[in-house]
Colleague: 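There's a structure below that I have some questions on.
One-based numbering along the sequence shown.
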Amino acid sequence: MDNKDKTSALQSDYAFSAVDDYNARMYILPHLINKEDRDEIIAEHRLHPCGAATQPGKPAPNHSKVLGRLIDKLRVVGQRHKHTIVETIPWQEYTIGYLPGYRGGVIELSEIKYATREDAEHAIFLQRLEAFLDQYGIDINS
């Protein structure tokens with residue numbers, strides 16, 4: 001084997017991957033294994049995908065701790081094929097685009113249209129959640 005064929009722990013970012021996996025298994029997955037708990041988290045996101053509006057004299061409402069951690073986890077993905085919201089008709093129609101992963105590339109658009117930005121935001125959340133659960137052998141529908 002050639003020296004250049006070897007990948008070191010540093011090159012493969014092993015430490016980050018190990019800590020990230022540990023955090024997912026300890027702080028996120030226990031809340032997603034049970035379908036009822038998972039549906040509750042999904043319902044919370046559906047209600048306020050971008051967070052709730054602030055009210056005068058009250059502290060800013062935030063997502064629950066579990067949902068906040070899950071959203072943070074789902075946002076940390078590579079730029080290639082990362083989801084983004086594209087406003088196809090200003091203030092009326094939105095779709096999900098997929099980033100090319102390099103500067104100057106073309107964003108691929110999905111065929112599905114959404115009436116609100118919140119609907120598109122929730123659709124992205126569900127797609128990312130399904131991909132995340134697939135990594136750990138969990139079917140989102142069961």
Side-chain angles (χ1 to χ4, degrees), residues 2 4-142:
D2 214 334
K4 64 181 178 181
D5 293 334
K6 294 181 182 177
T7 303
S8 70
L10 183 60
Q11 290 169 322
S12 65
D13 209 5
Y14 175 77
F16 174 81
S17 299
V19 169
D20 188 52
D21 180 60
Y22 174 82
N23 287 337
R25 290 177 188 273
M26 291 298 295
Y27 303 113
I28 298 172
L29 285 175
H31 303 282
L32 298 173
I33 293 171
N34 182 310
K35 181 161 176 37
E36 291 80 27
D37 294 342
R38 185 170 58 243
D39 288 346
E40 190 176 306
I41 292 169
I42 291 171
E44 178 188 350
H45 187 271
R46 178 73 194 114
L47 188 60
H48 299 291
C50 300
T54 58
Q55 300 299 318
K58 296 183 180 176
N62 294 318
H63 291 123
S64 67
K65 191 178 227 179
V66 173
L67 179 57
R69 281 183 176 156
L70 177 59
I71 289 171
D72 287 345
K73 171 65 181 153
L74 297 179
R75 286 181 177 157
V76 180
V77 294
Q79 290 297 307
R80 185 166 172 76
H81 298 293
K82 186 173 186 175
H83 304 88
T84 189
I85 296 173
V86 178
E87 189 177 42
T88 49
I89 299 176
W91 304 102
Q92 295 177 23
E93 184 181 88
Y94 303 84
T95 191
I96 297 173
Y98 303 96
L99 299 177
Y102 57 91
R103 183 172 283 188
V106 177
I107 295 174
E108 297 174 38
L109 299 179
S110 71
E111 297 296 321
I112 304 170
K113 307 297 181 198
Y114 301 93
T116 66
R117 181 177 179 82
E118 288 78 14
D119 290 342
E121 190 77 41
H122 187 65
I124 288 173
F125 172 79
L126 292 175
Q127 288 180 21
R128 289 179 179 174
L129 178 60
E130 184 174 8
F132 172 68
L133 293 175
D134 280 347
Q135 290 177 334
Y136 293 95
I138 301 170
D139 180 12
I140 194 169
N141 298 312
S142 63

Colleague: Please say which of I140, I42, D37, I41 ends up in a side chain to side chain contact (heavy atoms under 4.5 Å, CB included) with L32.
Modeller: I41
Colleague: Holding to side-chain hydrogen bond (donor to acceptor under 3.5 Å, both in side chains), I want the full list of residues that pass it with S17, two or more places apart in sequence or in another chain.
Modeller: none
Colleague: Could I get the full list of side-chain hydrogen bond (donor to acceptor under 3.5 Å, both in side chains) partners for H122, not counting sequence neighbours?
Modeller: H45
Colleague: What closest approach, in Å, do A123 and I96 show between heavy atoms, and which atom pair accounts for it?
Modeller: CB-CD1, 3.9 Å
Colleague: Would you name the heavy atoms of Y94 and T116 that are closest together and state the gap between them?
Modeller: CD1-C, 3.5 Å
Colleague: At what distance, to the nearest 0.5 angstrom, does CG of D72 lie from CG of N23?
Modeller: 11.5 Å
Colleague: Please round to the nearest 0.5 Å and tell me the distance separating atom OG1 of T88 and atom CD of E93.
Modeller: 3.5 Å
Colleague: By side-chain hydrogen bond (donor to acceptor under 3.5 Å, both in side chains), which residues pair with R38, not counting sequence neighbours?
Modeller: none
Colleague: Minimum heavy-atom separation for Q127 to H83, with atom names?
Modeller: OE1-NE2, 2.8 Å
Colleague: Residues in salt bridge (charged side-chain N to carboxylate O under 4.0 Å, His left out) with K82, at least two apart?
Modeller: none
Colleague: Going from CD on Q79 to OH on Y102, what distance comes out if it is rounded to the nearest 0.5 angstrom?
Modeller: 13.5 Å
Colleague: To the nearest 0.5 angstrom, please state how far the CG atom of N34 sits from the CG atom of L29.
Modeller: 13.0 Å
Colleague: How far apart are the C-alpha atoms of Y114 and I124, what are their side-chain angles, what is the distance that settles it, and do they pass the side-chain contact (heavy atoms from CB on, under 4.5 Å) test?
Modeller: CA-CA 11 Å; Y114 301 93; I124 288 173; over 6 Å; no
Colleague: Does the H63 side chain pair with the main chain of H48, one donor and one acceptor, at a distance under 3.5 Å?
Modeller: yes
Colleague: Check whether more than 12 heavy atoms from other residues, nucleotides or ligands sit under 6.0 Å from atom CD of E40, and answer yes or no.
Modeller: no
Colleague: Does a side-chain heavy-atom distance below 4.5 Å link L67 with F125?
Modeller: yes
Colleague: Apply salt bridge (charged side-chain N to carboxylate O under 4.0 Å, His left out) to R46 and list each qualifying residue two or more places apart in sequence or on a separate chain.
Modeller: D119
Colleague: Taking all atoms of both residues into account, what is the closest heavy-atom pair of G97 and L109, and its distance?
Modeller: CA-CD2, 4.0 Å
Colleague: Can you name the closest pair of heavy atoms from A24 and P30 and give their distance?
Modeller: O-CD, 4.2 Å
Colleague: Rounded to the nearest 0.5 Å, what's the gap from NZ on K65 to OH on Y27? Could you check?
Modeller: 9.5 Å
Colleague: Nearest 0.5 Å, please: how far is OH in Y98 from CD in E108?
Modeller: 9.0 Å
Colleague: I'd like to know whether L74 forms a side-chain contact (heavy atoms from CB on, under 4.5 Å) with L129, so could you lay out the CA-CA distance, the side-chain angles of the two residues, the decisive distance to 0.1 Å, and finally the verdict.
Modeller: CA-CA 7 Å; L74 297 179; L129 178 60; 4.2 Å; yes
Colleague: Find out whether T54 and K58 are in side-chain contact, i.e. whether some heavy atom of one side chain is under 4.5 Å from a heavy atom of the other.
Modeller: no
Colleague: Strictly distance-based, threshold 3.5 Å: is any side-chain N or O of E44 a donor or acceptor partner for the main-chain N or O of S64?
Modeller: yes
Colleague: Can you list the steps and then say if D20 with K73 is a side-chain contact (heavy atoms from CB on, under 4.5 Å)?
Modeller: CA-CA 9 Å; D20 188 52; K73 171 65 181 153; 2.4 Å; yes
Colleague: Going by the side chain to side chain donor-acceptor pair (under 3.5 Å) test, which pairs reach into residues 130-139, not counting sequence neighbours?
Modeller: D21-Y136
Colleague: Of all heavy-atom pairs between T95 and I112, which one has the smallest distance, and what is that distance?
Modeller: OG1-O, 2.7 Å
